[in-house]
Student: 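Can you read through this structure? Questions will come right after.
Throughout, a chain's letter reflects where its sequence line sits, starting with A, and its residues are numbered from 1.
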There are 2 protein chains.
Amino acid sequence: MLANIRPLFQEAAAIREPCTLATLFDRSPLEHATAGQIVFFEGDRALHLFAIREGNLRVCRQLHDGRRVITGFLTKGDIVGVSFKNRYLYSAEALDDVHFQRQTKVAFDQQLLARPDLRPILLSQLCDEVAAAQDQMVLLSCKSAEERLCSFLLAQLHKSTSLGFARDVISLPMTRLDIADYLGLTIETVSRTVTKLAGQGILSTGRRHEIRVLKKSALVLRAGEGDADVDNELNDTLRCCRH
Amino acid sequence: MLANIRPLFQEAAAIREPCTLATLFDRSPLEHATAGQIVFFEGDRALHLFAIREGNLRVCRQLHDGRRVITGFLTKGDIVGVSFKNRYLYSAEALDDVHFQRQTKVAFDQQLLARPDLRPILLSQLCDEVAAAQDQMVLLSCKSAEERLCSFLLAQLHKSTSLGFARDVISLPMTRLDIADYLGLTIETVSRTVTKLAGQGILSTGRRHEIRVLKKSALVLRAGEGDADVDNELNDTLRCCRH
DNA sequence: CGAAGGCTTGATATGACTCAAGGAAAGTGG
DNA sequence: CCACTTTCCTTGAGTCATATCAAGCCTTCG
């Protein structure tokens, strides 16, 4: 129905992001959410997928009695809502000013049919999600508060640098409570642990949403995994599987 | 190379499991592992996928210092090793006598190309895996020992009945230590909690690898989720997405 | 029958939680 | 620009759930 403008967009997409699922959202209008706004609720009918263009989201699940778990944080470039259930299993809430595009599942699927080159990317992204979830299970199952925090800060440091922050700056768009709910700790424990690491000269805590790393090696050591993982698990993605 | 016998197997497959990924393994020879044997190690080159035909496996990850996490249990019908990394991120170990078939990733992918009808099944299975991992994150993040155990027992009860056990019998092919490592508890806590629930007339503990449920409703209550989930989240899988 | 592995039970320790209060930022309205 | 309010964060004191340590029992199997 929009066939006449399609080629234009495809061309533009081909230039900007030749190999991302996000390209499939290029024709959708840009929407906006401010801090605290909820993009979709756990339990809502899952009709859309969302591509984040700017800003940060938290992905939450609630236990009936109010306990909350944050299962992940999302940024620019990420896609939310991929699922085969017909209701969302989690809520997505804006941490700050978020710009995103949406698309119906049906349209997404149709576009995907037209772009078989994107299929392995979807699969690989799902696999990454499984891998991340398993890492988090390890963290929650058997790491101490300090190990959890250090693991989190390292992951966040990695994200921050790849988003263009200075190499020793961790951007923390979320609050301490969000961090606590992500790490399975209380806000007090998070705060105390940060303070302790700062006291040991490993971190320096300037403004609220930023932490500077002074001794990355110490952080790695305390994360408790021989965190070389991150470097070793070369993302040979897409090498062997082409569906 | 085995082209001559293919039709035979395909026919058999069509009768037995017309719509499962496991069909793709039908031409592979049946292999066998006994309790404790390891099918593949975390860190090994990930060359194969495995379809379980009989028996049970545990899926483990180790922290460098020996702490162990079990991220899941697998049975008859399940497939292990789907991933886009070129090394396994976890080990798979036999809990009892296991019969399985293997297949190279490459062959699996090729067969999948020939069977586009199986693609959405793969996707849906990955989505289920993500969902299960998130449930586990909720469990590990904020449930008490009792809630964890009750959730686990209910899930296991569900599995057991769908495998043909009596409606009130939970089959537990794993040891208490496995359960502990799965739930992020110690073996002592698992044992104490089972004993307590038995003392309250909710369970009855006969032989080692079997628990009988006397009051399922009490179990649901103590699992701490209004566990209606299992029934509500209708698996409308495959309705809207057909890649 | 003896050994080994798996499970239970008890006593004690401890890491993280809870409760409580105060301080620092950020936003609001005059 | 400054008081005011609110939200977020930090710090301290005390408690509790679960871990740890230790011992004994029950099964299974050779």
Student: Taking only heavy atoms on the protein side, list every residue of residues 194-214 of chain B lying under 4.0 Å from any atom of DNA chain D, sorted numerically.
Tutor: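 Hits under 4.0 Å, by residue number: B/R208.
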Student: Please report the end-to-end axis angle for the helix from C/dC1-D/dG30 to C/dG30-D/dC1, five pairs per end, rounded to 10 degrees.
Tutor: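 Helix axis angle between the two ends: 40°.
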Student: B/T189: what forms a side-chain hydrogen bond (donor to acceptor under 3.5 Å, both in side chains) with it, not counting sequence neighbours?
Tutor: B/T186
Student: With A/S191, which residues qualify under side-chain hydrogen bond (donor to acceptor under 3.5 Å, both in side chains), at least two apart?
Tutor: none
Student: Nearest heavy-atom pair of B/A94 and B/T34: which atoms, and what distance?
Tutor: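 Minimum heavy-atom separation between B/A94 and B/T34: CB-O, 3.5 Å.
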Student: Taking only residues two or more places apart in sequence, or in another chain, which ones meet B/Q200 in a side-chain hydrogen bond (donor to acceptor under 3.5 Å, both in side chains)?
Tutor: B/R222
Student: Heavy atoms of chain B, cut-off under 4.0 Å: which first and last nucleotide of DNA chain D, 5' to 3', fall inside that, if you could look?
Tutor: D/dT18 to D/dT27
Student: Going by salt bridge (Lys or Arg N to Asp or Glu O under 4.0 Å), name the residues that satisfy it together with A/E31, two or more places apart in sequence or in a different chain.
Tutor: A/R102
Student: Once side chain to side chain contact (heavy atoms under 4.5 Å, CB included) is applied, do any residues pair with A/E147, and if so which ones, sequence neighbours excluded?
Tutor: A/K143, A/S144, B/R67
Student: Applying salt bridge (Lys or Arg N to Asp or Glu O under 4.0 Å), can you list everything that pairs with B/K196, at least two apart in sequence or on another chain?
Tutor: B/E146
Student: Classify the angle between the aromatic ring planes of B/F50 and B/F40 as parallel (below 30°), tilted (30 to 60°) or perpendicular (above 60°).
Tutor: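 Ring orientation, 0 to 90° scale: parallel.
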Student: Which heavy atom in B/A51 sits nearest to a heavy atom in B/F25, and how many Å separate them?
Tutor: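 Looking at all heavy atoms of both residues, the closest pair is CB-CG, 3.5 Å.
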Student: Please list residues of residues 177-193 of chain B whose heavy atoms come under 4.0 Å from any atom in DNA chain D, ordered by number; otherwise none.
Tutor: B/G184, B/L185, B/T186, B/E188, B/T189, B/R192
Student: Considering only distance and modelled atom types, tabulate donor-acceptor pairs under 3.5 Å from the side chains of residues 160-175 of chain B, sequence neighbours left out.
Tutor:
unit_1 : atom_1 : unit_2 : atom_2 : d
B/S160 : OG     : B/Q156 : O      : 2.8
B/S160 : OG     : B/S171 : N      : 2.9
B/T161 : OG1    : B/L157 : O      : 2.9
B/T161 : OG1    : B/H158 : O      : 2.9
B/S162 : OG     : B/K159 : O      : 3.0
B/D168 : OD1    : B/R212 : NH1    : 3.3
B/D168 : OD2    : B/R212 : NH1    : 3.1
B/T175 : OG1    : B/L177 : N      : 3.3
B/T175 : OG1    : B/D178 : N      : 3.2
B/T175 : OG1    : B/D178 : OD2    : 3.3

Student: I need the B/Q103 CD to B/L47 CG distance, nearest 0.5 Å.
Tutor: 13.0 Å
Student: Whole-Å distance between C/dA25 C1' and A/R176 CZ?
Tutor: 12 Å
Student: Which whole-number value in Å describes the distance from A/R67 CZ to C/dC17 P?
Tutor: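 Going from A/R67 (CZ) to C/dC17 (P), I get 13 Å.
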Student: Applying side-chain hydrogen bond (donor to acceptor under 3.5 Å, both in side chains), name anything that partners A/D96, two or more places apart in sequence or on another chain.
Tutor: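 With neighbours one apart ignored, the set is A/N56.
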Student: With a 4.0 Å cut-off, would you call A/D181 and A/R61 a salt bridge?
Tutor: no
